[in-house]
Amino acid sequence: MLHVFGHRVWEPGSCRSNKSGFLLYLFVGSTLVDLYAKCGEIELADRVFFGMPDKNDVSWNALLNGYAQRGDGEAVLKLFSWMTECEMKFNKFTLSTVLNGCANSGNLREGKILHSLAIRSGCELDEFLGCSLVDMYSKCGATYDAQIVFSRITDPDIVTWSAMIAGLDQQGHSQEAAELFHLMRDTGVKPNQFSLATVVSAATNMGDLCFGQSIHSCIHKYGLESDNSVGNALIMMYMKSGCVQDGIRVFEAMTDRDLVSWNALLSGFLGLETCDQGLRIFYQMLVEGFKPNMYTFVGVLRSCASLLDVCFGKQVHAHIIKNSLDGNDFVGTALIDMYAKSRCLEDADVAFNRLTNRDLFTWTVIITGFAQSDQAEKAVKYLGLMLRGGIKPNEFTLASCLSGCSSVAALGNGQQLHSVAIKSGHFGDVFVASALVDMYGKCGCIEDAEAIFKGLFSRDTVSWNTIISGYSQHGQGKKALEAFRLMLDEGIVPDEITFIGVLAACSYMGLVEEGKKLFNLMCKDYGITPSIEHHACMVDVLGRAGKFNEVDIYIEEMKLSPYSLIWETVLGSCKLHGNVDFGKRAAEKLFELEPKRDSSYILLSNIFAARGRWDDVRNIRALMTTQGVKKEPGCSWVEVDGQIHVFTSQDGSHPKTREIYATLEELGQKLASIGYIPKTENVLHNIGNKEKMEHLYYHSERLALAFAFISTNPIKPIRILKNLRICGDCHDFMKLITDLTNREIVVRDIKRFHHFKRGTCSCQDHW
DNA sequence: CTAGGGTTAG
């Protein structure tokens, strides 16, 4: 129904109800089609158009334009082909509109046909048509063709310039977009709000905040700050580059904010400090009467993912269902990500299974979720399902799946991924390669890590860091320092992680002077401000070398007293050197800083026990009881045939328990015959000596070892993982076993790797 | 009856 100044001037259908053949005059019809189309009443425009007994090019163009404005490119193309079938003549207006249809449906083939039609009718370089052609080629991804058309237009106007700049930016050539913008200004064309918004988006995509700020001041000069498109682009830029306050300032200065402004604002509240603000803004926009769309939910879900409480995420999920957006792929993927990051993998899985169109991103999100929650097996299983569904992984999928394997040391799964990486052609990617090096290193196969690293075509700081820390963790300090020299020779700049690796190597090898030299190099030559971790490395360098006086001075001078990591390091050195006095001081500091941490009590007790000070050992035990400190339950795991088997101390739940205990019994007898006596002082529980022996005997790492003995190939090394430090007695036990059975054992505990071979350990008993 | 911009998961 159309009203003009309150009068009813036209009622649809009245022409059809008049069967007497009331002829609608052509110009009235065309004008009405145009009016309805422009009001967004495409159905009415359609009815009027098809009710017209005679149609001319103007009425066709009006209807085509109506569909083009809705973004329905398919319909435009269908109408156009029908128009040519009717042998209707078309003009440059038609071509321009249909090109618009090609642009928003991405139909390059049809677009090229239209281009040739334009050339034939001699209007290719018409001011409007030229612009439509540039836009069509850009939106269809044919940037080169767009540039050719653009270069042939002799005097492009601001609209054509804007279309070309936007085209370059959207196809990932933001740098060239910015350059074209400068060229435009040099030509003397004054930028308008559209070209400025585009160039702000180019600055955002390049991550060049400085350039963006210079454009901002230019915008200020033209007084275009309050324009919606400009303001929205600026908000986006500031939020994306983490300048939350600047983003808010632009938002607040805008006079009529739309949904896009709110969404742009919402996109930036990530991380612990600001995420709750994102939620507040979401509720604020609901209060102000805005109806959230998919972009809103993607933004607010990202804020929820940073919160430590899944409860808000669930509230937002309810809003999503209310707005019937739970079937949307973008929203669905963001939901999976939110649940996965909140460690609710079951909810993430439910959301994942509800989605019908799973693309690479969806799969990557769920796979990453499992990988980061120490569920490497599940991550690899989903990767397999994805491959079977015909979707190829990208470098992100592989790298995050691999890092999941690294953290739980799932070697078998990691090896499978190695072959997937080769088959899918991502082996050469630096991220994937570094993840592979790290995976092999963390699974105890430093030789494999080394082999992959040496075969790498290009190496960046991250890949060098990976191999350097790998060598360090495996006790190969010399190789770590060699690698560092090679890295510098290749001209790769070390970062703060690199220095953690090399300083750890120095402390391990007892290289005090070298450690001091590297520390100075880091501060002076590379301008890196030492973190607490770096200081802890230095304390370790001095402490392991037994230079306790220097440790004391260092802590005093660097004001390191408030940090538990420092005192934990000191305590470790005191245990190594049997330094009771300093050990007591360090432990007391730790009891004060972190009274619930069990390892400080255990370490101090071990220091006393080694000196035979049993009264002090008893006092520590009593202190633990009064403080309510409980020893964290230890657990160990091994991988057999791609399956991970977990054991706790004195565990009886494994199906092969009987054989495992029998194997341990047998090994124990053999060891006793060569003079092994269990170090019962390693047991803190207040129980009798016989029970203590039993306790030691069935520590989780020994159960894992026995299980590996009976279920794996005897020529392969056994790889065991433990969530705590390996106990002193188990360490002795492993050394003797390797001597007795001639089998290599690798144990990864929370601190480092222990390679047991022929009665010795790579850590040289300095763990 | 014709053109340009701004929001999208790892």
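Per chain, numbering begins at 1; letters A, B, ... match sequence-line order.
Judged by the 6.0 Å and 45° rule, A:Arg257 forms a cation-pi pair with A:Phe251. Taking the ring axis of A:Phe128 as reference, the NZ or CZ atom of A:Lys92 does not stay both within 45° of it and closer than 6.0 Å to the ring centre.
In this structure, A:Ser400 reaches neither bases nor backbone, as no heavy-atom distance under 4.0 Å exists between it and the strands shown. Within the nucleic acid shown, A:Ala166 comes within 4.0 Å of sugar-phosphate atoms alone, with no base atom in reach, counting heavy atoms only. Residue A:Asn394 is classed as a base contact, given a heavy-atom separation below 4.0 Å to a base. Contacts of A:Gln170 with the nucleic acid, taken as non-hydrogen atoms under 4.0 Å apart, involve only primed sugar atoms and P, OP1 or OP2. Using a 4.0 Å heavy-atom cutoff across all strands shown, A:Asn328 reaches no nucleic acid atom at all. Residue-level contact check: A:Asp157 touches the bases, meaning some heavy atom is under 4.0 Å from a base atom.
Using a 4.5 Å heavy-atom threshold, the side chains of A:Ser138 and A:Gln170 count as separate. You'll find the side chain of A:Leu360 reaches within 4.5 Å of the side chain of A:Met386, heavy atoms only.
Using a distance-only test at 3.5 Å, with no hydrogens or angles considered, a donor-acceptor pair links the side chain of A:Asn232 to the main chain of A:Asn228.
Applying the side-chain hydrogen bond (donor to acceptor under 3.5 Å, both in side chains) test to residues at least two apart or on different chains, the pairs with a partner in residues 67-82 of chain A are A:Asp46-A:Tyr67.
Boundaries of the chain A contact region on DNA chain B are B:dC1 to B:dG10, first to last in 5' to 3' order (nucleotide atom under 4.0 Å from a heavy atom).
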